[in-house]
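Below is one structure, written out as structure tokens, with a few remarks after it.
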Amino acid sequence: MNTEPTRDPELAALLRSAAPQPPMGDVDWDRLRGVAKSRAELPLARLRTPARRPRLRAWLPLGAAASIAASLVFALRPAPDPRPLPAEERRIVEAIVAESLPSNVDQMLSGAAAEGALLAAVMGS
């Protein structure tokens with residue numbers, strides 16, 4: 001099977017007459033070859049070396065699993081027991097809490113204030 005195209009002699013003659021003949025003797029072929037080789041060296045080397053991204057992609061699921069496991073370990077570990085406050089600091093904290101909260105906060109938290117209000121409403125009606 002012949003893959004060489006058939007050439008048209010008239011077209012070849014027209015192309016030769018349209019442009020002047022290149023100065024084949026004036027061309028520095030060794031320099032031209034060296035420039036082409038140096039410019040093609042890096043792109044060809046990139047094509048020959050295997051891509052590093054698929055290797056990185058292979059490690060991504062393992063890294064994600066390790067980070068999830070580490071976060072679970074830290075989340076599920078028991079909290080350290082808080083050490084008790086010294087007596088002086090405890091008195092200061094209790095004084096601050098007593099001054100900053102309303103007087104009937106214990107009744108509000110336990111529901112006793114609501115019961116008292118309900119009893120007052122029933123008695124008043």
Side-chain angles (χ1 to χ4, degrees):
M1 178 174 190
N2 188 7
T3 59
E4 185 71 26
T6 56
R7 301 194 184 270
D8 186 2
E10 289 179 35
L11 180 61
L14 283 172
L15 287 172
R16 275 191 219 105
S17 65
Q21 231 8 47
M24 300 299 271
D26 296 340
V27 176
D28 185 3
W29 294 107
D30 292 329
R31 182 171 176 258
L32 179 64
R33 185 179 302 116
V35 169
K37 184 179 175 183
S38 68
R39 288 187 182 175
E41 191 172 355
L42 282 177
L44 290 175
R46 285 188 193 118
L47 291 175
R48 282 190 293 262
T49 58
R52 296 188 189 271
R53 289 184 182 169
R55 290 182 195 165
L56 177 64
R57 288 183 188 155
W59 287 99
L60 283 177
L62 182 61
S67 65
I68 290 171
S71 64
L72 285 176
V73 165
F74 286 115
L76 297 178
R77 70 179 178 173
D81 292 332
R83 58 183 178 87
L85 290 175
E88 181 61 30
E89 289 180 11
R90 186 174 182 89
R91 273 184 259 144
I92 294 172
V93 169
E94 287 175 356
I96 292 172
V97 169
E99 289 178 16
S100 62
L101 294 176
S103 60
N104 61 348
V105 73
D106 58 339
Q107 291 178 353
M108 286 189 268
L109 290 175
S110 66
E115 287 177 17
L118 181 61
L119 285 173
V122 170
M123 298 285 275
S125 61

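Only heavy atoms go into these numbers, but all of them, side chains included; no hydrogens, no water, no symmetry mates.
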Are L76 and F74 grouped together when hydrophobic residues (ILVMFWY) are joined by side-chain heavy atoms under 4.5 angstrom apart?
no
Cluster check L85, I96: I/L/V/M/F/W/Y, side chain < 4.5 angstrom
no
Sequence neighbours excluded, the answer for salt bridge (charged side-chain N to carboxylate O under 4.0 Å, His left out) partners of E88 is R91
For V73 and R77, run side-chain contact (heavy atoms from CB on, under 4.5 Å): C-alpha distance rounded to whole Å, both residues' side-chain angles, the deciding distance at 0.1 Å, then the answer.
CA-CA 6 Å; V73 165; R77 70 179 178 173; 5.7 Å; no
Going by an N to O cut-off under 4.0 Å, is there a salt bridge joining K37 and E41?
no
R7: salt bridge (charged side-chain N to carboxylate O under 4.0 Å, His left out) partners, not counting sequence neighbours:
E4
Please, which pairs that meet side-chain hydrogen bond (donor to acceptor under 3.5 Å, both in side chains) have at least one residue in residues 21-33, sequence neighbours excluded?
D30-R33
